[in-house]
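Heads up: the structure comes next, in structure tokens.
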Amino acid sequence: MSDRGTPRRITVVGEEILTRRCREATEFGTPELTRLIDDMFATNHVAEGAAIAANQVGVDLQLFVWDMRDERGTRHTGHILNPVLDDLPAEQRTLLEEPEGCLSVPGPYRVVARPDRAVVRGQDKDGNPIVVEGRGYFARCLQHETDHLHGRLYLDRLTQRERKSALREMAASQDEVFARRAARSSSAASSS
């Protein structure tokens, strides 16, 4: 997926676009949408991410892409527009407390409790209805990215103390993270 598209700048915590609900997608099958999806895959690849939401590349649209391996080594790749998480009954899920990071919070990881199963419904780039189900790490990814489209970061799920600690850690490590991303972006550009 990373062989097409151009990496874009990733927005970081504090930028307004990350704090509000994204607009619903109403146009499908356009070259612009295809280009955006390709660019998001390229950006995710360069940043060594699991997934990325449109507002993380500065676009106000309910869209995210993923290209990641779960804890069993299974690769999951795809995209979804206008995602809505099913509200699963408690008996169908278990709360897992696991470390979580974010491309828009470069550096720190913090333990966040999320259900071990997620079902998200939305549309593909052509407007066709799709349903994506994930367990474990992939479920966490689907929930994390849907949160982004509602203007929430994983930091918003932390206590104030944990959030301040994560932001301090980010400030100390972000230059190194940005330099690594820039180097990967340059090598990707020169090999294409």
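Just so it is clear, the values below take in all heavy atoms, side chains as well, and ignore hydrogens, waters and symmetry mates.
Remark: the backbone N or O of Asn128 is not paired with any side-chain donor or acceptor of Gln123 at under 3.5 angstrom.
The salt bridge (Lys or Arg N to Asp or Glu O under 4.0 Å) pairs that include a residue from residues 98-107 are Glu100-Arg114, Glu100-Arg140, where partners are two or more places apart or lie in different chains.
Listed by chain and number, the residues in a side chain to side chain contact (heavy atoms under 4.5 Å, CB included) with Leu88 are Asp86, Gln92, Arg93, Arg117, Val119 (sequence neighbours excluded). When the side chain to side chain donor-acceptor pair (under 3.5 Å) test is applied to Thr159, the partners found at least two apart in sequence or on another chain are Glu162.
For the residue pair His79 / Asp124, no side-chain donor-acceptor distance below 3.5 Å is found, with atom types taken as modelled. One side chain, Arg110 or Ser165, offers a donor N or O that lies under 3.5 Å from an acceptor on the other. Defined by atom type and a distance below 3.5 Å, a donor-acceptor pair is missing between the side-chain atoms of Thr11 and Gln56.
Taking CD of Glu27 as the reference point, atom CG of Leu81 lies at 11.5 Å (rounded to 0.5 Å). A distance of 9.5 Å separates CG in Leu61 from CG in Asn55, rounded to the nearest 0.5 Å. Here the CD atom belonging to Glu24 is positioned 12.0 Å from the CG atom belonging to Asp60, to the nearest 0.5 angstrom. A distance of 9.5 Å separates CG of Leu18 from CZ of Arg20, quoted to the nearest 0.5 Å. In this structure, CD in Glu145 is found 13.5 Å from CD in Gln62, a value given to the nearest 0.5 Å.
Side-chain contact between Tyr154 and His144 is present, with heavy atoms from C-beta onward closer than 4.5 Å. Side-chain contact between Val65 and Thr77 is absent, with no heavy-atom pair separated by less than 4.5 Å. Between Asn44 and Leu103, the closest side-chain pair of non-hydrogen atoms falls below 4.5 Å. Annotation: side chain of Leu95 is not in contact with side chain of Asp116 (no heavy-atom distance under 4.5 Å). Val112 places none of its side-chain heavy atoms less than 4.5 Å from the side chain of Glu97.
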Query - Residues Asp147, Arg157; criterion salt bridge (Lys or Arg N to Asp or Glu O under 4.0 Å); working and verdict - result: CA-CA 10 Å; Asp147 270 1; Arg157 295 182 174 274; 2.8 Å; yes
Query raised in the report: Checking salt bridge (Lys or Arg N to Asp or Glu O under 4.0 Å) for the pair Asp39/Arg4: CA distance, chi angles, key distance, verdict?
Result: CA-CA 7 Å; Asp39 287 357; Arg4 297 193 311 257; over 6 Å; no
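By the criterion of side-chain heavy atoms lying less than 4.5 angstrom apart, applied directly or through intervening Ile, Leu, Val, Met, Phe, Trp or Tyr residues, Leu85 is grouped together with Trp66 in one hydrophobic cluster.
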